[in-house]
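Reading through the structure tokens given below for one structure.
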Amino acid sequence: MRDNPILIIDGLNVFMRHFCANPSLSSNGDHVGGFLGFLGNIGRLSEDFSPKKVIIVWESGGSLRRRAVMSSYKSGRRPASLNRYYEDDLPATSTNHTDQVSLLVKAFDSFPVTQIYVRGCEADDVIGYLTKYVYKKEKIVIVSSDKDLHQLIDDTVVQWSPGQKRIIDKKGVIDKFGVSSCNFVTARCFVGDSSDDIHGVKGVGFKSMSKWFPDLMSDVFIPFSSIIEQAKELSVSRKGKTLLLIAEASPVASRNWRLMNLDTSCLAADQIQKIIGQLENQGKSNKMSLLRLMAHHGMQNFDINRHFVAINSVRYRDNQE
């Protein structure tokens with residue numbers, strides 16, 4: 001679909017889709033749908049996009065800096081903390097999904113892919129840093145159904161939605177939300193995000209934001225402070241409480257910008273160093289090791305050959321450059 005982009009995968013987001021939808025069981029009677037679904041999905045993505053590099057970014061358990069800004073942040077769905085991830089780096093849990101993710105981490109050591117996990121920040125922050133700073137001149141496909149990542153979409157970055165099974169580009173963001181990707185966070189400062197327990201301005205949605213502030217559709221970045229000033233001017237000539245609420249929403253908008261914007265503000269210097277350091281760690285192609293791992297966990301009947309060839313081609317393309 002695109003010529004040799006870098007594939008950046010939101011690991012837990014993609015895994016959970018397969019974990020919830022794939023009912024596969026191992027010969028030991030364990031649920032392994034998340035593991036097998038993810039493994040197969042990576043193979044298909046490698047075939048479809050012919051990436052020159054594959055990076056899987058794993059969730060660490062949430063952002064400490066965002067919870068410092070707002071203690072109730074994501075209180076309704078606190079991110080899962082993944083066990084046995086990098087030796088003793090994570091606290092122990094006993095859930096099946098954690099066991100499957102741990103198994104995936106081991107399995108991907110047998111493929112030429114890079115895995116990144118940094119404690120105390122979100123996968124979104126890592127993906128944002130990679131996109132904006134490390135690979136800012138590269139073609140990138142972000143694999144995730146998370147709309148928080150729409151803000152990263154530009155002329156060289158697109159998002160593949162596993163749920164919708166389609167590419168989301170700049171036009172796709174405008175068509176659905178009525179605002180451009182570069183102004184997506186600005187609009188959300190007032191709209192909020194109920195899934196993360198981030199409250200916006202009462203009665204404000206994307207439709208009303210694009211109607212009152214059409215400049216949000218442009219490719220020119222509009223800061224939330226400009227929206228507040230425009231709202232003050234509009235409220236003089238237009239009746240209605242909502243515009244007045246937007247005009248008075250500076251504290252809410254400022255807080256929401258700090259929570260939603262993906263940049264280095266939620267990353268400490270040592271976390272950035274860990275991201276950069278882990279980029280050097282790439283798995284080594286080892287089909288026999290993978291087969292032994294899967295057989296040990298009762299997955300002898302899964303045909304890994306096609307997916308192994310597809311993912312392994314990443315190493316081939318890398319060696320050709």
Side-chain angles (χ1 to χ4, degrees), residues 7-49 51 54-62 74 77-87 89-111 113-118 122-124 126-127 141-149 159-165 195 283 287 289-308 310-311:
L7 206 61
I8 302 179
I9 300 169
D10 183 353
L12 190 60
N13 180 279
V14 174
F15 167 78
M16 288 304 297
R17 295 195 62 82
H18 295 292
F19 178 78
C20 296
N22 191 323
S24 298
L25 298 176
S26 70
S27 60
N28 302 326
D30 297 320
H31 176 219
V32 291
F35 177 90
L36 294 179
F38 197 136
L39 208 60
N41 195 185
I42 296 295
R44 289 188 293 274
L45 288 168
S46 296
E47 289 178 335
D48 291 343
F49 291 106
V54 174
I55 303 171
I56 302 172
V57 181
W58 294 106
E59 185 65 65
S60 74
K74 286 190 176 181
R77 59 177 187 93
R78 193 170 291 263
S81 195
L82 306 181
N83 177 36
R84 293 189 300 281
Y85 198 86
Y86 274 43
E87 298 179 346
D89 196 29
L90 299 178
T93 63
S94 58
T95 59
N96 175 265
H97 88 273
T98 298
D99 292 337
Q100 289 193 59
V101 171
S102 299
L103 195 59
L104 272 170
V105 172
K106 294 177 183 177
F108 282 123
D109 282 340
S110 298
F111 290 105
V113 304
T114 298
Q115 301 185 81
I116 295 181
Y117 166 86
V118 179
E122 297 185 11
D124 288 1
V126 178
I127 294 171
V141 176
I142 299 171
V143 182
S144 178
S145 58
D146 189 349
K147 67 177 181 295
D148 294 347
L149 297 168
Q159 185 172 343
W160 169 261
S161 171
Q164 301 176 51
K165 292 182 172 55
S195 66
K287 184 176 180 180
S289 175
L290 176 65
L291 291 174
R292 284 194 296 269
L293 177 70
M294 296 178 68
H296 178 74
H297 291 274
M299 290 180 278
Q300 301 94 326
N301 296 326
F302 181 72
D303 183 6
I304 193 60
N305 291 321
R306 171 187 170 188
H307 303 298
F308 189 86
I311 302 173

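Since we're looking at a predicted model, the values are computed, not measured.
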So, for [X] and [Y], which heavy atoms are closest and what is the spacing to 0.1 Å?
X	Y	answer
R44	G37	NH2-O, 4.2 Å
D109	Q115	OD1-NE2, 3.6 Å
F15	F35	CE1-N, 3.9 Å
I56	G11	CG2-CA, 4.0 Å
L104	G34	CD1-O, 4.3 Å
A310	S46	O-CB, 3.5 Å

List the residues meeting side chain to side chain contact (heavy atoms under 4.5 Å, CB included) with [X], not counting sequence neighbours, and say none if there are none.
X	answer
H31	F19, L25, N96, Q100
N13	D10, S144, S145, D146
Q164	S161, R166, I168, K176

Rounded to the nearest 0.5 Å, what separates atom [atom1] in [X] from atom [atom2] in [Y]?
X	Y	atom1	atom2	answer
I116	S60	CD1	OG	12.5 Å
E59	M16	CD	CE	11.5 Å
D148	E122	CG	CD	8.0 Å
L290	L39	CG	CG	6.5 Å

Quick one: does [X]'s side chain get under 4.5 Å of [Y]'s, heavy atoms only?
X	Y	value
F111	I42	no
Q300	M294	no
L293	M299	no
F108	T114	no

Exercise. Mind telling me whether W160 and F49 have parallel, tilted or perpendicular rings, with 30° and 60° as the class edges?
Key: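 The arrangement is perpendicular - the two ring planes meet at more than 60°.
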
Mind checking what makes side chain to side chain donor-acceptor pair (under 3.5 Å) contact with [X], not counting sequence neighbours?
X	answer
N22	S24
N305	K287, D303
H297	none

